[in-house]
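Presented below is the structure to which this report refers.
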Number of protein chains: 2
Amino acid sequence: MSQASRSGAAGLGAGLGIVLRPEHPLPLHAQIHRALRRRILDGRCPEGSLLPSENEMGEALGVSRITMRRAFDDLAAAGLVRRSRGRGTEVLRRPEQRPVLAHIDGLVEASLVMGRDTAVELLDFAYIPATADIAAALDIAPGAPVQHAVRIRREGGDIFSLARSWVPEALGRSFSREDMMHTPLVQLLERAGAEFGSAEQVLGAEAATPEAARALGVAPGSALLRVRRLSRDPRGVPIERMEVLYIPERYEYRMQFGPVKSMG
Amino acid sequence: MSQASRSGAAGLGAGLGIVLRPEHPLPLHAQIHRALRRRILDGRCPEGSLLPSENEMGEALGVSRITMRRAFDDLAAAGLVRRSRGRGTEVLRRPEQRPVLAHIDGLVEASLVMGRDTAVELLDFAYIPATADIAAALDIAPGAPVQHAVRIRREGGDIFSLARSWVPEALGRSFSREDMMHTPLVQLLERAGAEFGSAEQVLGAEAATPEAARALGVAPGSALLRVRRLSRDPRGVPIERMEVLYIPERYEYRMQFGPVKSMG
DNA sequence: CAGTGGTCTAGACCACTAG
DNA sequence: TAGTGGTCTAGACCACTGA
């Protein structure tokens, strides 16, 4: 028996004990989605197990395969299950430390806007050997050359951020120091053919070091918002590592949470 | 003529100049999605205009309505268009300051986990008159009573956060001070029948005030990560206003960006 | 009223995974 | 080879919008 067993064998049957009210409250796919979400969150569908197949469960519930798909797709979009062709629909790890999920398109678009509405100043641009942690993040050999850039951004003349970026050499060579002074990095990377497929981001806070304080024009020790990011292409290959320090009085990181499908 | 005009009238025709290669690279819906996204971002489909209808555009491109729907749905999930029954598919404002989009389910689940894995201590719990800004946020009359709570969280004995919450009285009365000491607020609100439909969140940084420093056990002036949030039910009615201060050495805010559909 | 998006169905072919 | 999810089609009914 494989390491993943079907939840259907756990005693609930292919329908997992879900009852649908065909008419009144919610669309069928939403009723199914909600019922499955509850079962996953409270552990009735154990992590790593496979849900019944679309056909099987659709038949058990008396709905079409398309309607089942919609429910499964929404669970996948919310990160609760992973769907694999030929394998099935697997319940993912309970969301212990699972981070908030966001749309990669929004990240790219925000970068474009940032580049359009603010002025940048390039403080440093060089190819340097990757330190151990940068090499590990970018999945390259330690000491291999990486493009390292440091820049500050102004809005209306006032400095509000200090950014450092690390890009694998092969990708970095596709644009110049000049490009970096006029065009957002994200745009340069896309122009170079790198597509953004996913990214991990960590937000924190730190006291300004003397160097950061000098670059940003703030008092050493003042509180800064820190954003670290590692971006990957659709196949998971690292594209870019970033670290940005923001002056909190001049920049805040905004996010909007909405339902799985569609936003108003 | 209404304020929103159809993009189709702008000269590109119902197909908007999109050409599909039926076979090789990407699924049809993804090709259409990508083409439309580009046209929206570079302004060829002006903000506020209506895209051709599903039927019209599907016919023009030679695909079924279902395939068109999928492309439109994905645009809506990414926040680029808004779909209205009976009206059409409207191009939203160009993403000037549009914030990052995330799944509301993830927010709720993260709160549940936080409550399960950490210990809470209730420092204050009272009904107080709403200040002007709290009243504005919660959309109630200034001076109307709101439930205000202050609590700190520990992980392994170490304090890592100081949270303040404001809840409209009617909702707050559905649970007690005791409940608040043992159960995460999000869970209490859901139990009270409040459903989380959307939320706005702002992350920033600030220096610890003397009061915050005392509660958190850190030096006054040290850098703290600040998360402010306003949650609403599916109809847009405010449910909860929160402000949390984190000790950055003990907590970081993690997020994961992924493709519009499904995550690995 | 005509047109729109929201939902649901039945059926088909494919690529991929497992055994 | 059997079963899975991924894609696509054709057709239907509904609720809602706007004129």
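Below, all heavy atoms of this structure are taken into account, side chains as well, without hydrogens, waters or symmetry copies.
Dashed line: the shortest gap from a side-chain N or O of B:T89 to OP1 or OP2 of C:dT4 is not under 4.0 Å. OP1 or OP2 of C:dT4 sits under 4.0 Å from a side-chain N or O of B:S53. Within the 4.0 Å cut-off from OP1 or OP2 of C:dT9, at least one side-chain nitrogen or oxygen of A:T67 is found. Contact annotation: A:R69 side-chain N/O to D:dG6 OP1/OP2 distance is under 4.0 Å. For B:S84, no side-chain nitrogen or oxygen approaches OP1 or OP2 of D:dT17 to under 4.0 Å.
If you check every strand for non-hydrogen atoms under 4.0 Å, A:G62 touches sugar and phosphate atoms only.
Here C:dG5 presents its C1' atom at 12 Å from CG of B:L50, a figure rounded to the nearest Å. The CD atom of B:E59 sits 13 Å away from the C1' atom of D:dA10 (whole-angstrom rounding). Rounded to whole angstrom, the span from the CG atom of A:N55 across to the C1' atom of C:dC13 amounts to 14 Å. Rounded to an integer number of Å, the gap from B:Q31 CD to D:dG6 P is 18 Å.
In this structure, of D:dG5, D:dC8, D:dG11, it is D:dG11 that holds the atom nearest to the side chain of B:I66. The side chain of B:S64 lies closest to D:dC8, out of C:dA18, D:dC8, C:dC8. Nearest to the side-chain atoms of B:H29 among the listed nucleotides C:dT7, C:dG6, D:dC8 stands D:dC8. Candidate nucleotides D:dT4, C:dT4, D:dG6 were compared by shortest atom distance to the side chain of A:R83, and D:dG6 ranks first. Checked against C:dT4, D:dG6, C:dC8, the side chain of A:L28 finds its nearest nucleotide in C:dC8. For A:R85, the side-chain atoms get nearest to C:dC16 when compared with the rest of C:dC16, D:dC8, C:dA18.
A salt bridge between A:R70 and A:D74 is present, with a side-chain N of the basic residue lying under 4.0 Å from a carboxylate O of the acidic one. Between A:R65 and A:E56, no side-chain nitrogen of the basic residue sits less than 4.0 Å from a carboxylate oxygen of the acidic one, so the salt-bridge criterion is not met.
Taking a pair as Watson-Crick or G-U wobble with both distances under 3.5 Å, the runs of three or more consecutive pairs in DNA chain C are C:1-18 with D:1-18.
With sequence neighbours left out, A:Q201 forms a side-chain hydrogen bond (donor to acceptor under 3.5 Å, both in side chains) with A:Y253. With sequence neighbours excluded, the residues satisfying side-chain contact (heavy atoms from CB on, under 4.5 Å) with A:T118 are A:M114, A:R153, A:E155, A:F160. Residues satisfying the side-chain contact (heavy atoms from CB on, under 4.5 Å) criterion with B:A35, sequence neighbours excluded, are B:I18, B:R39. Here A:R228 pairs with A:R226, A:R241, A:E243, B:E252 under the side-chain contact (heavy atoms from CB on, under 4.5 Å) rule; sequence neighbours left out.
Within the structure, salt bridge (Lys or Arg N to Asp or Glu O under 4.0 Å) pairs that include any residue of residues 188-203 of chain B comprise A:R34-B:E195, B:E200-B:R232 (at least two apart or interchain).
In the interface, the side chain of B:R65 is paired with the base of C:dG6 through a donor and an acceptor atom under 3.5 Å apart.
When the nearest nucleotides of DNA chain C are assigned to B:F72 and A:G86 by heavy-atom distance, the more 5′-ward of the two goes with B:F72.
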